[in-house]
Peer 1: 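Sharing a structure, written as structure tokens. Questions coming.
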Amino acid sequence: MTASRGRDDAGTASKILDVAERLVQVRGFNGFSYADIAAELHITKAALHYHFAGKADLGAALITRYASRFAGALAEVGAGPGEAGDKLAGYADLYLQVLRARKMCLCGMLAAEYQTLPPPMQDAVVGFFDRNETWLEGVLEQGRRDGGLQFAGSARDTARMIVGGLEGAMLVARPYGDIARFQAAAANLLAGLAPADRPGPGPGRPGQPKTTVGAPASTTGSLA
């Protein structure tokens with residue numbers, strides 16, 4: 001009986017997080033209330049408070065779960081046999097998956113509301129971007145060593161440019177409802193990292209970033 005209750009509790013908590021995550025990615029953290037989640041799941045607000053005492057607790061759990069999935073997807077991309085440019089294209093695909101589902105990056109949405117978030121959530125959002133930049137920094141350093149990537153300045157600064165460029169491209173593509181707009185921006189961003197002495201950018205050329213972002217054959221785990 002206790003085990004069954006535990007499974008039920010875990011299942012309800014997971015459903016709450018699923019609904020809350022979608023609402024954040026569509027409306028923002030300040031754009032929904034516990035009443036919205038309760039109405040969608042046909043449960044009481046008291047049941048919500050049983051699992052997540054307050055909205056700040058819910059928000060922290062959302063970031064933890066999303067960051068864990070994103071880290072898993074990054075590990076999958078990084079473990080692939082492709083060159084550094086292929087891994088960067090795989091990274092951009094993670095954002096594209098979310099945009100195709102008519103959502104925004106969870107932590108990108110939260111970053112827009114940063115000043116209104118409780119401190120634990122603020123710290124978690126910064127941690128998410130820090131981990132992304134660290135992963136990208138490693139890929140960029142690999143590409144520079146192998147000669148497949150070329151960029152001015154530090155790998156850290158370039159990693160920050162990539163994160164900012166992709167988050168911004170998502171944001172601007174959203175009101176247009178134009179996924180191709182994001183894909184073009186991401187492709188141009190990655191193409192700018194190709195060595196100057198290589199032929200013009202193109203998918204599949206050795207040592208160059210793929211410029212086709214969002215190939216159907218992507219094997220990365222879903223974040224949408």
Side-chain angles (χ1 to χ4, degrees), residues 9-74 91-136 160 162-179 181-182 185-186 220-224:
D9 285 349
T12 300
S14 181
K15 290 176 183 177
I16 292 169
L17 288 170
D18 289 341
V19 172
E21 182 175 305
R22 176 177 52 77
L23 290 173
V24 172
Q25 289 180 288
V26 174
R27 301 184 189 176
F29 189 68
N30 295 314
F32 74 95
S33 67
Y34 266 24
D36 295 314
I37 301 174
E40 185 162 337
L41 292 177
H42 304 291
I43 61 177
T44 65
K45 285 192 285 185
L48 278 170
H49 286 290
Y50 168 78
H51 291 283
F52 303 99
K55 198 175 178 186
D57 301 291
L58 175 61
L62 281 175
I63 300 172
T64 297
R65 190 177 73 156
Y66 189 80
S68 177
R69 292 209 316 272
F70 211 102
L74 289 182
Y91 180 79
D93 280 349
L94 299 179
Y95 289 82
L96 181 61
Q97 289 176 27
V98 177
L99 192 60
R100 278 179 167 157
R102 300 179 183 276
K103 301 175 185 177
M104 295 291 290
C105 168
L106 179 82
C107 288
M109 289 290 279
L110 293 174
E113 302 175 286
Y114 182 82
Q115 296 298 334
T116 68
L117 302 178
M121 287 185 66
Q122 291 180 336
D123 292 342
V125 168
V126 171
F128 172 82
F129 289 119
D130 283 347
R131 287 187 290 274
N132 274 257
E133 290 171 2
T134 297
W135 185 89
L136 285 167
R160 290 171 176 169
I162 292 171
V163 173
L166 293 176
E167 290 284 359
M170 286 187 79
L171 184 65
V172 175
R174 189 187 194 197
Y176 290 93
D178 187 359
I179 291 176
R181 189 184 184 100
F182 171 84
T220 52
S222 176
L223 292 167

Peer 1: Counting distance only, does the side-chain N/O of E113 pair as donor-acceptor with the main-chain N or O of N30 below 3.5 Å?
Peer 2: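 Yes; at least one donor-acceptor contact below 3.5 Å.
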Peer 1: Kindly determine whether Y34 and L58 satisfy side chain to side chain contact (heavy atoms under 4.5 Å, CB included), including the steps that lead there.
Peer 2: CA-CA 10 Å; Y34 266 24; L58 175 61; 3.7 Å; yes
Peer 1: Could you check D18 against R65 for salt bridge (Lys or Arg N to Asp or Glu O under 4.0 Å), going step by step and ending with a plain yes or no?
Peer 2: CA-CA 10 Å; D18 289 341; R65 190 177 73 156; 2.9 Å; yes
Peer 1: With a 4.5 Å heavy-atom cut-off, do L166 and L94 have their side chains touching?
Peer 2: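 Side chain of L166 against side chain of L94, heavy atoms only: no contact under 4.5 Å found.
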Peer 1: For T44, check side chain to side chain donor-acceptor pair (under 3.5 Å) against everything at least two apart and list the hits.
Peer 2: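 Partners of T44 under the side chain to side chain donor-acceptor pair (under 3.5 Å) test: none.
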Peer 1: Name all residues meeting the side chain to side chain donor-acceptor pair (under 3.5 Å) criterion together with T64; count only those two or more places apart in sequence or in a different chain, and write none if there are none.
Peer 2: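 T64 satisfies side chain to side chain donor-acceptor pair (under 3.5 Å) with no residue once adjacent residues are dropped.
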Peer 1: Is the terminal nitrogen or CZ of K55 (NZ for Lys, CZ for Arg) located under 6.0 angstrom from the six-membered ring centre of F32 and within 45° of that ring's axis?
Peer 2: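 Yes, a cation-pi geometry.
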Peer 1: Kindly give the heavy-atom pair with the smallest separation between A124 and R131, and that separation in Å.
Peer 2: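 Residues A124 and R131, closest heavy atoms: O-NH2, 4.4 Å.
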Peer 1: Using modelled atom types only, decide if a donor and an acceptor are shared between the side chain of Q25 and the backbone of M104 within a distance under 3.5 Å.
Peer 2: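 Pair found, side chain donor or acceptor close to backbone of M104.
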Peer 1: Give the C-alpha distance, both sets of side-chain angles, the deciding distance and a yes or no for ring pair (Phe, Tyr, Trp, His ring centres under 6.0 Å) between F128 and F70.
Peer 2: CA-CA 9 Å; F128 172 82; F70 211 102; 5.1 Å; yes
Peer 1: Please step through salt bridge (Lys or Arg N to Asp or Glu O under 4.0 Å) for the pair K15 and E40, ending with a clear verdict.
Peer 2: CA-CA 10 Å; K15 290 176 183 177; E40 185 162 337; over 6 Å; no
Peer 1: Does Q122 use its side chain to pair, donor to acceptor, with the backbone of Y114 at less than 3.5 Å?
Peer 2: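 Checking the backbone N and O of Y114 against the side chain of Q122, a donor-acceptor pair under 3.5 Å is found.
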Peer 1: When you measure from the side chain of D57 to the backbone N and O of G54, does any donor-acceptor pair fall under 3.5 Å?
Peer 2: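 Yes; at least one donor-acceptor contact below 3.5 Å.
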Peer 1: Please test R160 against F129 for side chain to side chain contact (heavy atoms under 4.5 Å, CB included), starting from the C-alpha separation and ending with a verdict.
Peer 2: CA-CA 9 Å; R160 290 171 176 169; F129 289 119; over 6 Å; no
Peer 1: Between T12 and Y50, is the side chain to side chain contact (heavy atoms under 4.5 Å, CB included) condition met? List the steps.
Peer 2: CA-CA 10 Å; T12 300; Y50 168 78; over 6 Å; no
Peer 1: Taking all non-hydrogen atoms of both residues, which atom of V125 and which atom of C107 are closest, and how far apart?
Peer 2: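 Closest approach of V125 to C107, heavy atoms only: CG1-O, 4.0 Å.
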Peer 1: Would you verify whether the NZ or CZ of R181 falls within 45 degrees of the ring axis of Y176 while also being under 6.0 Å from that six-membered ring's centre?
Peer 2: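 Yes, a cation-pi geometry.
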